[in-house]
Amino acid sequence: MQQVLALIEQKKQEFAQLPLFKFMQDKSINPRQRLAWAPCAAHFIMNFGELNKYFLRVEPTTDPIQTLINRYTYEDDDHWLWFLEDLKNLEFDKPLQFSDALKFLWSEETKNARWLNYQLYRHTSQATPIQKIIVIQVTEATGNVMLSIAAEIGKEIKAITQKQCRYFADFHLNIEADHMTGSSGIDQFLQDIQLSEAAQQEAFELVENLFTVFTQFANSLLVYAKTHKIEQLLKAG
């Protein structure tokens with residue numbers, strides 16, 4: 001498992017170099033514009049509670065790895081509530097008829113968010129605890145890249161608007177850091193897991209596949225942020 005975790009760290013560093021994160025760090029751009037992709041990510045973010053409940057969690061269990069997974073799923077269940085709060089504070093919560101909201105969530109613009117969800121379902125349905133832990137590790141790695149940068153934008157927005165973000169904020173980032181992936185004892189536990197050669201190869205392929213869909217997702221968020229000016233969004237609201 002040590003080699004698998006090393007690959008995840010390598011892919012995380014590559015992920016951090018994507019154009020989206022350069023855009024988010026560009027302080028010449030309005031900070032809210034740098035988070036203008038948030039509505040496009042809604043399908044993925046709002047799905048996380050159900051991914052935890054229906055695909056990652058298995059109860060009861062005597063498997064120590066599944067026990068860790070179960071604990072993680074309860075800690076991560078309700079972060080989408082903070083996302084909804086931030087949409088309001090960022091003034092991205094424009095009125096939409098229900099039919100228009102559905103069209104948006106299943107539109108061409110948001111297809112990569114949906115595809116990411118479907119791939120997470122695919123790789124966790126009937127998966128072994130080892131496979132699930134790999135999915136979680138990749139999701140946490142990509143999330144850490146995103147939230148570390150977004151939290152800095154949240155500080156800028158608070159300084160300008162006096163409105164506190166919770167999802168795009170150190171508040172969320174710190175809670176994520178307290179998850180099982182942030183514990184040195186648990187890190188060592190995962191490092192010590194022995195995989196057969198075949199299982200290791202399958203794990204490598206899973207990591208590569210997941211980072212591919214997360215990269216497609218991130219690239220689509222950048223396109224959305226660049227083509228949806230917040231001035232138009234606020235005017236529509």
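Values in this document were obtained by computation on a predicted structure and should not be read as measured data.
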Euclidean distance, [Y] [atom2] relative to [X] [atom1], rounded to 0.5 Å:
| X | Y | atom1 | atom2 | result |
| --- | --- | --- | --- | --- |
| N47 | R114 | CG | CZ | 12.5 Å |
| L5 | L190 | CG | CG | 6.0 Å |
| Q201 | S196 | CD | OG | 10.5 Å |
| E75 | N52 | CD | CG | 10.5 Å |

Got [X] and [Y] here, is their nearest side-chain heavy-atom distance under 4.5 Å?
| X | Y | result |
| --- | --- | --- |
| M24 | M146 | yes |
| F55 | K132 | no |
| N219 | V223 | no |

Indicate yes or no for a side-chain donor-acceptor contact from [X] to the backbone of [Y] under 3.5 Å, with no hydrogens or angles considered.
| X | Y | value |
| --- | --- | --- |
| E152 | A169 | no |
| D86 | Y167 | yes |
| R166 | F171 | no |
| R34 | I29 | yes |

Let me check something: do [X] and [Y] share a hydrophobic cluster, defined by ILVMFWY side-chain heavy atoms less than 4.5 Å apart, either directly or through other members?
| X | Y | answer |
| --- | --- | --- |
| L81 | I175 | yes |
| L87 | I153 | yes |
| Y224 | I230 | yes |
| L195 | I134 | yes |
| L102 | L96 | no |

* To do: Check whether more than 12 heavy atoms from other residues, nucleotides or ligands sit under 6.0 Å from atom CD of Q126, and answer yes or no.
  =>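 Not buried by this count: 12 neighbours or fewer within 6.0 Å.
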* Asked: Within a reach of under 6.0 Å around NZ of K163, are more than 12 heavy atoms found that belong to other residues, nucleotides or ligands?
  ->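 Yes, enclosed.
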* Applying side-chain hydrogen bond (donor to acceptor under 3.5 Å, both in side chains), name anything that partners Q216, two or more places apart in sequence or on another chain. =>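 Not a single residue meets the side-chain hydrogen bond (donor to acceptor under 3.5 Å, both in side chains) criterion with Q216.
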* **Parallel, tilted or perpendicular, as decided by the 30° and 60° cut-offs, for the rings of H79 and W82** =>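 Parallel.
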* Can you check whether W37 and F168 have ring centres sitting under 6.0 Å from each other? ->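 Yes, the ring centres sit under 6.0 Å apart.
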* To do: Assert yes or no for the condition that the ring centre distance of Y54 to Y121 is strictly below 6.0 Å.
  =>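 So the answer is no for these two rings.
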Show me the side-chain donor-acceptor pairs of residues 205-213 shorter than 3.5 Å, one per line, residues at least two apart or across chains.
| from | atom 1 | to | atom 2 | distance (Å) |
| --- | --- | --- | --- | --- |
| E208 | OE1 | K11 | NZ | 3.2 |
| N209 | ND2 | E205 | O | 3.2 |
| T212 | OG1 | E208 | O | 2.9 |

